[in-house]
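Structure record follows, encoded as structure tokens.
A, B, ... follow the sequence lines: proteins, then strands. Residue 1 opens every chain.
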Amino acid sequence: MHAQEIIRSIEQEFIKTDLPLINIGDNVRVNVKIVEGGKERLQAFEGTVICRRGAGISKNITVRRVFQGIGVERVFLLHSPRIESIKVTRRGSVRRAKLFYLRDRVGKATRVKEKV
Amino acid sequence: MALGLLGRKLGMTQIFSESGEAIPVTVVECGPCIVTQVKTQDKDGYNAIQVGFGNVSEKALTQPELGHLKKHEIVPLRHLQEFRLDAPPTMNVGEEVSPDLFMAGQKVDVRGLSIGKGFAGTVKRHHFGRGPKSHGSKNYRAPGSIGAGTTPGRVFPGVRMPGRMGNKQVTVLKLTVVRVDAERKFIIIKGALPGCEGNLLRITPTNLVGGK
């Protein structure tokens with residue numbers, strides 16, 4: 001068998017088929033499984049998708065939100081079993097593939113236009 | 001000293017552990033590995049098993065190579081390598097060495113040729129620092145001094161200089177086996193392995209003193 005076929009068949013076991021379509025500028029709510037003292041619980045992280053990278057099993061998104069005046073960015077591997085679910089809460093309309101310019105903005109200027 | 005496997009590097013990917021951690025892994029095609037010769041203490045002066053890997057057409061091999069394999073009616077194989085053993089070998093010629101030799105979680109050493117980098121300077125080859133790029137500097141990636149002056153009046157042997165880099169045998173120690181698939185004949189090893197995709201690799205149980 002061809003090398004790439006074997007590698008893809010290994011990745012296939014981990015690939016999720018129920019992922020929603022996530023675009024740049026969308027607001028998403030990511031539920032992450034966290035193990036604390038032997039117990040598992042869910043932690044939600046909500047913010048704007050500012051970056052989408054990778055393909056196949058290494059596909060990931062960067063989600064940014066401003067929390068108590070401090071910008072927080074988290075990178076999520078979409079196919080990771082630690083990610084319980086992802087929900088798109090708002091569709092954004094943007095003209096860039098990467099929204100890194102949001103990092104230099106504060107307050108009202110960080111808003112992303114909603115897609116209608 | 002123990003029996004190992006020959007394999008072909010297929011490429012890298014990542015998989016997730018049970019706890020959800022992403023593990024970088026290399027997939028190695030390990031078979032069919034066929035025992036092509038058995039050497040014993042009595043007959044050859046040492047115990048070893050010669051393993052062949054990589055099916056090729058008859059045309060690709062020389063007559064002596066073909067003769068060696070045809071003696072035991074083995075298909076033409078590209079690579080033949082010996083694995084020295086402590087105990088007399090129990091396997092027979094023509095048997096297949098299964099990837100089952102290794103278990104998930106076991107530590108292995110992997111040997112192979114590294115990627116050739118050609119004629120490389122000291123910055124790339126020996127991790128020398130480079131000079132400033134501006135402020136009138138002309139010393140960008142030059143090696144600098146290679147020794148003192150009239151005394152000793154020569155360059156000491158072993159001074160690190162530019163030259164051919166890579167394309168050398170490299171052994172990576174203590175890598176963890178993540179998964180073994182005996183049916184489809186590949187094993188998955190955590191981390192990077194020497195060489196480019198398609199490179200011949202020699203996988204043996206790890207050989208660290210006092211370590212398992």
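Contacts of residues 23-61 of chain A with chain B at a heavy-atom distance below 4.5 Å involve Ile57(A), Ser58(A), listed in sequence order. Contacts from residues 70-108 of chain A to chain B, taken as heavy-atom pairs separated by less than 4.5 Å, involve Leu77(A), His79(A), Ser80(A), Pro81(A), Arg82(A) in sequence order.
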Using atom types as modelled, flag every donor-acceptor pair under 3.5 Å from a side chain in residues 163-177 of chain B to any protein atom, sequence neighbours excluded.
| from | atom 1 | to | atom 2 | distance (Å) |
| --- | --- | --- | --- | --- |
| Thr176(B) | OG1 | Lys107(B) | NZ | 3.0 |

Distance-only criterion, 3.5 Å: show the donor-acceptor pairs between side-chain atoms of residues 74-82 of chain B and protein atoms not counting sequence neighbours.
| from | atom 1 | to | atom 2 | distance (Å) |
| --- | --- | --- | --- | --- |
| Gln81(B) | OE1 | Arg202(B) | NH1 | 2.8 |
| Glu82(B) | OE1 | Tyr46(B) | OH | 2.9 |
| Glu82(B) | OE2 | Lys39(B) | NZ | 2.7 |
| Glu82(B) | OE2 | Tyr46(B) | OH | 3.4 |

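The closest side-chain donor-acceptor pair between Arg8(A) and Thr13(B), if any, does not fall under 3.5 angstrom.
Residue Glu18(B): no heavy atom, backbone or side chain, is found under 4.5 Å from chain A. If you measure heavy-atom distances from Phe16(B) to chain A, the contacts under 4.5 Å come from both the backbone and the side chain.
Using a 4.5 Å heavy-atom threshold, the side chains of Leu10(B) and Gln4(A) count as separate.
More than 12 heavy atoms of other residues, nucleotides or ligands lie within 6.0 Å of CD in Glu13(A), so this atom counts as buried by the packing criterion.
Highest contact tally toward chain A, considering only Lys9(B), Glu197(B), Arg179(B), is held by Arg179(B) [criterion: heavy-atom pairs under 4.5 Å].
For the atom pair Arg184(B) CZ and Ile10(A) CD1, the distance stands at 6.5 Å (nearest 0.5 Å).
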